[in-house]
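Okay, structure first, notes after.
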Amino acid sequence: MIYLVNCDKLKFFKTFDSLNSVIDYLKERNKTDFDGGVFGLFGRGQKEVWNGEESEWIDDAYYIDSAVLCPKGKPNEYFTFFIRCINSEGNLIELD
């Protein structure tokens, strides 16, 4: 599988061989080029489940699709790194 990571604001595009290598890279980049704080991995979905006449939103399967890093000294600015995965057949697949 190939993991693709891009950030339009930074004109950044890079490939990786595993999700762990993506996360390790982002951790290191966060320390050197960003604020070094905790960064989020996003993508959890929710689904509506009906219990009789009432509905409740619960967490669905967790699919990672992006990470958000904040630059040093600019707490109101952020950079979204989109993460996608392509399998050996060339199909886009979900990350979990």
Side-chain angles (χ1 to χ4, degrees):
M1 289 190 273
I2 298 172
Y3 294 80
L4 308 170
V5 179
N6 77 297
C7 178
D8 292 342
K9 282 175 126 176
L10 296 174
K11 307 285 189 255
F12 174 84
F13 181 85
K14 189 171 175 77
T15 61
F16 297 87
D17 60 1
S18 71
L19 184 56
N20 284 339
S21 61
V22 170
I23 293 169
D24 289 344
Y25 175 82
L26 291 174
K27 283 180 183 177
E28 189 59 36
R29 183 98 192 246
N30 191 35
K31 290 179 192 173
T32 59
D33 300 329
F34 292 91
D35 69 0
V38 175
F39 65 90
L41 294 174
F42 296 94
R44 181 180 293 274
Q46 288 195 320
K47 64 181 177 181
E48 189 174 18
V49 176
W50 287 88
N51 298 325
E53 294 182 12
E54 294 182 11
S55 69
E56 175 184 8
W57 287 94
I58 63 168
D59 289 337
D60 202 354
Y62 190 82
Y63 295 112
I64 296 169
D65 67 3
S66 60
V68 175
L69 303 178
C70 297
K72 295 175 184 174
K74 297 181 180 181
N76 295 327
E77 190 173 350
Y78 62 90
F79 293 86
T80 303
F81 290 80
F82 293 99
I83 306 167
R84 300 294 182 264
C85 184
I86 297 175
N87 67 13
S88 61
E89 297 169 357
N91 297 317
L92 188 65
I93 61 170
E94 297 286 353
L95 307 175
D96 56 10

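All residue numbers refer to positions in the sequence shown, counting from 1.
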From Lys72 NZ over to Asn30 CG, what is the distance, rounded to the nearest 0.5 angstrom? 9.5 Å
Which residue, Ile23, Leu19, Ile86, Thr15, forms the side-chain contact (heavy atoms from CB on, under 4.5 Å) with Tyr3? Leu19
If you look only at distance, which donor and acceptor atoms sit under 3.5 Å apart when one is on a side chain in residues 4-12 and the other is two or more places apart or in another chain?
unit_1, atom_1, unit_2, atom_2, d
Asn6, ND2, Asp8, OD1, 3.1
Lys9, NZ, Tyr78, O, 2.7

If you take all heavy atoms of Pro71 and Glu77, which pair is closest and at what distance? CD-O, 3.3 Å
Heavy-atom closest pair, residues Val68 and Phe39: O-CB, 3.2 Å
Who pairs with Asp17 by side-chain hydrogen bond (donor to acceptor under 3.5 Å, both in side chains), at least two apart in sequence or on another chain? Ser21
Asp33: partners by salt bridge (charged side-chain N to carboxylate O under 4.0 Å, His left out), with sequence neighbours left out: Arg29
Pairing residues for Ser88 by the side-chain contact (heavy atoms from CB on, under 4.5 Å) criterion, not counting sequence neighbours: none
Across all chains, not counting sequence neighbours, the side-chain hydrogen bond (donor to acceptor under 3.5 Å, both in side chains) partners of Asn87 are none
Please enumerate all residues that pass side-chain hydrogen bond (donor to acceptor under 3.5 Å, both in side chains) together with Thr32, with sequence neighbours excluded. none
Set of residues satisfying side-chain hydrogen bond (donor to acceptor under 3.5 Å, both in side chains) with respect to Asp24, sequence neighbours excluded: none
Minimal heavy-atom distance between Thr80 and Ser66, with the atoms involved, is CG2-CB, 3.9 Å
Quick one: does any side-chain atom of Asp65 pair with a main-chain N or O of Phe82 as donor and acceptor, under 3.5 Å? no
Restricting to ring pair (Phe, Tyr, Trp, His ring centres under 6.0 Å), what partner residues turn up for Phe79, sequence neighbours left out? Phe34
Partner residues of Glu53 under the side-chain contact (heavy atoms from CB on, under 4.5 Å) criterion, sequence neighbours left out: none
